[in-house]
Amino acid sequence: MEESSKAYDAKQVEDKIYKLWEDSGFFSPDNLSGTQINADKTRINADRIRDNQRRIRVNPRVNGKPFTIIMPPANANGNLHAGHALVMTIEDIMVRYKRMQGFKALWLPGLDHAGFETQVVYEKKLEKEGRSRFKMEPQELYQEILQFTLENKKNIEGQIKKMGASCDWSREKFTLDQDIVKIVYETFEKLHNDGLVYRGRKIINWCTKHQTSLSDLETIDSEQTDKLYYLKYGPFTIATARPETKFGDKYVVIHPKDPRYANYKEGQKLALEWINGPIEATVIKDEAIDMEFGTGVMTITPWHDAVDFSIAQKHDLDKEQIIDFYGKLLPIAGEFSDMKIGEARAKIIEKLQAKGLVEKIDQQYKHVVKKCYKCETLIEPQIKDQWFLKMAPLAKPIIELIEKNKVTFIPEHYKKISLHWLRNIVDWPLSRQIVWGIPIPAKSCEKCGYTLVETEVIRGPTSDSLSDVGPRMAVCDRCGGTMKKETDTFDTWFSSGQWPFATLKAGKKDDFKTFYPTDVMETAGEIIFFWVARMLMLGNYITKKIPFTTVYLHGLVLDAKGQKMSKSKGNVINPLDITEKYGTDALRLGLVIGNTPGTSLALDENKIKGYKHFANKIWNATRFVLLNQPTRIDADSNADLRGSKIVLSARQKKHLQELKKLIKETTKLMDNYKFYIAAEKIYHYFWHTFCDTIIEESKSALADSTESRGNSRGITQKLKERQATQYMLLEILSTSLKLLHPFMPFITEEIYQQLPLKNKKECLMIEEWPT
RNA sequence: GGACGAUUAGCUCAAUUGGCAGAGCGACUGAUUUACACUCAGUAGGUUGCAGGUUCGAGUCCUGCAUCGUCCACCA
């Protein structure tokens with residue numbers, strides 16, 4: 001340690017060390033086939049020390065076996081946030097640990113175009129510039145978002161490196177890469193051929209702001225208090241919170257067993273006065289009606305309500321659109337047509353009141369409404385032709401596999417959560433009305449609905465054309481109608497749902513064979529349904545194998561007070577700022593210690609500051625050990641010492657045994673994914689045992705021997721003691737660095753590079769995990 | 001309405017699966033200039049949310065309750 005600075009300076013080290021790793025090639029498993037084990041063993045003074053306690057054993061069971069983690073593809077639409085930092089830290093810990101154990105460790109990085117998410121981000125940007133996507137040509141918009149995404153992609157890649165991620169950049173994938181898109185299309189085609197994909201005219205969640213449909217997962221429930229209006233509908237009174245949808249209501253539904261309405265027969269016609277004049281209503285009986293609610297009678301609006309839609313489907317009733325896709329009333333509303341629903345509601349009630357049709361108004365009606373998870377605009381259910389994926393057949397085998405514990409969930413309770421969701425799964429609306437995504441490669445007949453999937457033309461990130469997917473086919477084979485090319489894109493999760501097998505199949509030769517199924521899927525508990533469940537289903541459907549055997553789910557990263565980070569609250573912790581201030585290793589420790597899987601973590605800057613101090617402690621302990629290593633003068637001053645065996649004192653042997661115990665415990669904890677305890681244990685050992693006890697104890701033995709009196713035999717004894725101490729200190733230091741490496745890769749590597757070890761490896765990253 | 005968590009020191013959380021309740025931060029007292037003030041030695045701080053039960057033994061398992069949180073669900 002030439003400069004021998006008293007403080008560890010992360011800034012001077014990190015980029016240099018990352019480059020060292022990248023240049024070494026050991027991020028790639030191709031360069032790992034047991035090489036890190038087969039190379040000369042790292043032995044401290046190996047040629048002259050035979051210490052049984054430190055015999056390195058190669059574990060043949062482990063040597064050269066693959067270990068694979070597919071990185072959750074980060075959204076390429078912004079900067080690395082605290083959640084990403086946690087992903088990078090946990091996964092890097094797993095991979096570095098396994099790599100040191102001799103596995104052919106592959107951590108495959110990737111990025112996601114993140115369809116809707118990115119488009120929303122970009123639309124906000126457009127808004128700020130006073131522009132709108134609805135005034136742009138689709139091609140133009142696509143090109144702009146593409147540029148934006150590619151810039152962010154580069155940006156994020158740099159930030160991932162900053163976190164110390166030891167992933168194999170030579171295998172990096174992007175969801176819009178041509179080879180990935182090709183695989184996505186093949187999957188879609190197979191699903192279509194198997195009858196699992198269908199185009200259906202069903203009720204969907206429509207966001208009037210973003211002009212797209214959304215899956216149930218992309219909506220949030222919001223409880224609010226509204227007025228509940230009791231309206232006279234012929235002989236009945238109906239209750240509704242949404243009078244503005246009622247223009248087309250011509251079916252009145254009652255429970256078949258309701259004694260109050262037993263006189264009314266199914267299908268009976270009634271003439272009655274309604275909002276804009278006389279209409280004819282038809283009586284329908286259905287058990288979906290809750291006799292307890294309101295008056296036990298309701299009219300239905302199948303186009304704009306999911307319950308009503310299902311009743312209408314069941315009884316084959318007419319459906320009529322009342323509200324357009326921008327949230328405005330259609331001509332059916334007569335004088336109210338073209339009004340926004342919010343504005344229309346009060347006016348409609350006024351009119352109804354004037355006509356004497358309002359019986360009463362309940363002012364305090366609490367109910368739950370759906371909102372767009374991005375902009376919180378009220379979701380307007382609409383009937384629309386959409387592509388759907390039948391989920392039940394895909395879920396069935398996964399339910400069985402989970403029940404048989406073929407997938408391990410960490411923490412365990414996610415097993416129940418997953419099973420519950422899978423058992424109640426509904427069909428997945430795959431299509432989105434946005435330009436930023438993978439185009440759905442299909443045509444459908446406007447007349448008979450016949451669909452044709454065409455996968456020939458692939459659009460990758462470098463392609464500049466949105467048009468012409470597949471050969472034209474103007475006329476429907478079946479009925480002679482017009483075939484219309486699909487303009488919708490896939491839900492982004494449809495492509496990321498295929499990520500584990502898609503990335504490996506699109507990878508180097510034999511990658512799929514070697515690394516699939518993968519070992520661990522580590523991601524946020526939040527996206528278990530969005531992503532994990534869908535990967536299991538799609539992965540198993542295509543490959544007949546479960547895509548990963550262990551699912552490790554982490555929680556949210558919160559601010560120091562346990563509040564969710566958000567830009568509006570101004571409590572967002574930018575991991576790169578932290579890195580800048582305290583060093584990446586400190587941030588990594590702060591993210592992992594005290595963070596149990598599945599639970600959220602309050603990230604306190606003070607805590608990270610504490611781990612910066614720890615980094616400094618390691619730095620200074622190293623300085624002490626190195627300052628006290630044997631010098632030429634030591635070796636020359638007493639010929640008796642040359643070639644002599646190290647003789648450890650009983651106390652020193654005990655220290656080494658304790659180290660052994662630490663290794664054993666740490667290894668067990670690492671194997672059980674208890675990184676939060678493992679890290680803390682090593683931390684505690686290093687600081688309070690190694691530094692506070694062992695180093696302090698060593699000082700007398702290391703003191704200048706010229707002060708010791710007595711004969712030459714005494715001096716030799718003294719030198720022997722010193723030599724043993726020097727050996728022990730270096731031994732404990734280097735072993736501790738190995739244990740710490742997965743957690744704090746930068747400082748440990750930097751120090752390793754400077755240690756006077758014999759048979760040193762090219763880098764600590766490929767050193768052998770101690771046993 | 002259903003499901004799943006959580007509740008332990010002032011704060012943030014552990015407790016390697018039933019075996020002496022522990023860390024970090026913070027607080028307090030003191031030390032010290034030859035690895036480190038980004039230091040060291042020490043102190044205080046707990047009826048583990050409440051009430052029962054099982055057990056030689058319960059923070060941990062069972063039952064009930066309370067509070068908080070999250071997810072799921074089509075009551076107009």
Side-chain angles (χ1 to χ4, degrees), chain A residues 1 4-8 203 216-217 220-221 228-230 238-242 245-246 249 253 288-301 305-311 365 367-368 370 381 411-421 424 426 525-526 528-529 555-556 558 560-562 564 582 586 589-590 593-596 598-628 665-666 668-674 676-678 680-681 683-684 687-688 691-692 695-696 698-699 702-704 729:
Chain A
M1 223 171 266
S4 216
S5 166
K6 281 192 176 186
Y8 169 63
I203 195 151
D216 286 341
L217 291 175
I220 49 169
D221 290 343
L228 185 65
Y229 306 93
Y230 286 77
I238 58 159
T240 181
R242 299 198 62 192
T245 65
K246 296 282 154 196
D249 287 14
V253 191
I289 294 295
D290 180 353
M291 287 189 272
E292 307 291 310
F293 186 88
T295 54
V297 188
M298 73 173 188
T299 60
I300 58 168
T301 314
D305 186 283
V307 183
D308 297 3
F309 178 82
S310 66
I311 292 172
Y365 173 58
H367 66 147
V368 173
K370 279 186 177 183
E412 222 180 341
H413 72 260
Y414 273 102
K415 178 181 166 179
K416 278 191 217 165
I417 294 174
S418 305
L419 281 173
H420 183 259
W421 189 74
N424 297 289
V426 294
E526 267 186 313
I528 184 159
F529 306 138
L556 295 169
L558 308 171
K561 290 173 191 157
K564 201 166 176 173
Y582 305 107
L589 266 197
I593 292 183
N595 189 3
T596 44
T599 58
S600 51
L601 168 80
L603 190 59
D604 187 346
E605 211 176 304
N606 271 328
K607 186 175 162 192
I608 294 160
K609 198 168 141 196
Y611 296 127
K612 184 199 157 151
H613 294 175
F614 180 54
N616 196 55
K617 190 77 182 172
I618 299 171
W619 187 255
N620 280 295
T622 303
R623 283 180 64 227
F624 179 83
V625 173
L626 292 189
L627 283 171
N628 288 292
E665 286 171 346
T666 305
K668 190 179 164 197
L669 289 166
M670 299 296 281
D671 287 339
N672 291 323
Y673 299 92
K674 307 218 168 180
Y676 56 104
I677 309 176
E680 198 176 346
K681 235 184 170 62
Y683 169 96
H684 200 261
W687 198 313
H688 300 296
C691 293
D692 293 349
I695 287 186
E696 289 306 319
S698 303
K699 285 184 176 172
L702 294 168
D704 196 342
L729 290 179

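Order of the sequence lines sets the chain letters (A, B, ...), proteins ahead of strands, with each chain counted from 1. Just so we're clear, the structure is a prediction, and the values are computed from it rather than from any experiment.
For A/His413, the listed nucleotide lying nearest its side chain is B/rG5; candidates were B/rA35, B/rU16, B/rG5.
The two residues A/Ala586 and A/Ile608 have their closest heavy-atom pair at CB-O, 3.7 Å. Nearest heavy-atom pair, A/Ala615 versus A/Tyr8, reported as atom, atom and distance to 0.1 Å: CB-CD2, 3.9 Å. Across every non-hydrogen atom of A/Ala621 and A/Ile695, the tightest pair is CB-CD1, 4.0 Å.
Residue A/Ala602 is the one, among A/Ala602 and A/Lys699, whose nearest nucleotide of RNA chain B lies closer to the 5' end (criterion: closest heavy atom). Take the nearest nucleotide of RNA chain B for A/Lys416 and for A/Ala621: the residue whose nucleotide is more 5' is A/Lys416.
Here A/Thr599 reaches the OP1 or OP2 of B/rA14: one of its side-chain N or O atoms lies under 4.0 Å away. Regarding contacts with the backbone of B/rU16, every side-chain N or O of A/Tyr676 stays at 4.0 angstrom or more from both OP1 and OP2. A/Lys6 has a side-chain polar atom (N or O) that falls below the 4.0 Å cut-off from OP1 or OP2 of B/rC36.
If you take atom P in B/rC56 and the same atom in B/rU39, they sit 49 Å apart, rounded to whole Å. Separation of the C1' atoms belonging to B/rU47 and B/rU7 is 16 Å when rounded to the nearest angstrom. Using atom C1' as the reference point in both B/rC13 and B/rG19, the two lie 23 Å apart (nearest Å). The C1' atoms of B/rA35 and B/rG18 are separated by 44 Å, rounded to the nearest whole Å. If you take atom C1' in B/rG45 and the same atom in B/rG24, they sit 15 Å apart, rounded to whole Å. B/rA3 and B/rC62 are spaced 16 Å apart, taking the P atom of each and rounding to whole Å. On the P atoms, B/rC11 is 29 Å away from B/rC4, given to the nearest whole Å. Taking atom P on both B/rA15 and B/rG49, the two are 15 Å apart, rounded to the nearest angstrom.
Taking 3.5 Å as the limit, the base of B/rA41 and the side chain of A/Glu696 contain no donor-acceptor pair of atoms between them.
Remark: P of B/rA15 and CG of A/Asn672 are 12 Å apart, rounded to the nearest angstrom. One atom, CD1 of A/Ile528, and another, P of B/rC4, lie 14 Å apart when rounded to the nearest Å. B/rA35 atom P lies 10 Å from atom CG of A/Leu702, rounded to whole Å. Across the protein-nucleic acid pair, A/Asn595 atom CG and B/rA15 atom P stand 12 Å apart, rounded to whole Å. Atom-to-atom, NZ of A/Lys674 to C1' of B/rU17 comes out at 7 Å; the value is rounded to the nearest Å. Look at CG on A/Leu626: it is 10 Å from C1' on B/rA35, rounded to the nearest Å. A/Asn616 has its CG atom 5 Å from the C1' atom of B/rC38, to the nearest Å.
Contact of the A/Leu217 side chain with the A/Trp421 side chain is registered, since non-hydrogen atoms from C-beta on lie closer than 4.5 Å. No side-chain heavy atom of A/Asn628 sits less than 4.5 Å from a side-chain heavy atom of A/Lys699. Counting heavy atoms from C-beta on, the side chains of A/Lys370 and A/Asp221 come closer than 4.5 Å. The closest side-chain heavy-atom distance from A/Arg623 to A/Trp619 is below 4.5 Å. Between A/Phe529 and A/Asp216, every side-chain heavy-atom pair lies at or beyond the 4.5 Å cut-off. Considering only heavy atoms from C-beta on, A/Trp687 comes within 4.5 Å of A/His613 through its side chain. Between A/Ile300 and A/Val307 the shortest side-chain heavy-atom distance does not fall below 4.5 Å.
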Report, as a single string ordered 5' to 3', how protein heavy atoms within less than 4.0 Å touch nucleotides 66-76 of chain B: B base, S sugar-phosphate only, - not at all.
-> -----SSBBBB
Encode nucleotides 18-29 of chain B as B, S and - characters from 5' to 3', where the letter depends on protein heavy atoms closer than 4.0 Å: B to the base, S only to sugar-phosphate, - to neither.
-> -----SS-----
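Annotation: side-chain contact (heavy atoms from CB on, under 4.5 Å) contacts of A/Asn672 (sequence neighbours excluded): A/Lys668, A/Lys674. Residues passing the side-chain contact (heavy atoms from CB on, under 4.5 Å) test with A/Ser600, sequence neighbours excluded: A/Leu556, A/Leu558.
Side-chain atoms of A/Asn620 come within 3.5 Å of backbone N or O of A/Lys6 as a donor-acceptor pair. In this structure a side-chain-to-backbone donor-acceptor pair under 3.5 Å is missing from A/Asn616 to A/Lys612.
Nucleic acid contact class of A/Ile695 (heavy atoms, under 4.0 Å, all strands): base.
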Which protein N or O atoms sit under 3.5 Å from an N or O of nucleotides 42-46 of chain B?
none

Dot-bracket for RNA chain B, 5' to 3', counting Watson-Crick or G-U wobble pairs under 3.5 Å, with [ ] for crossing pairs and | for inter-strand pairs?
-> (((((((..((((.....[..)))).(((((.......))))).....(((((..]....))))))))))))....
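The aromatic rings of A/Phe293 and A/Tyr365 sit perpendicular, their planes meeting at an angle over 60°, well past the 30° parallel limit.
Base orientation at B/rU33 is anti, since its O4'-C1' glycosidic dihedral falls outside 90° of 0.
Summarising the geometry, atom CG belonging to A/Asp249 is positioned 10.0 Å from atom CG belonging to A/Asp305; distances are rounded to the nearest 0.5 Å.
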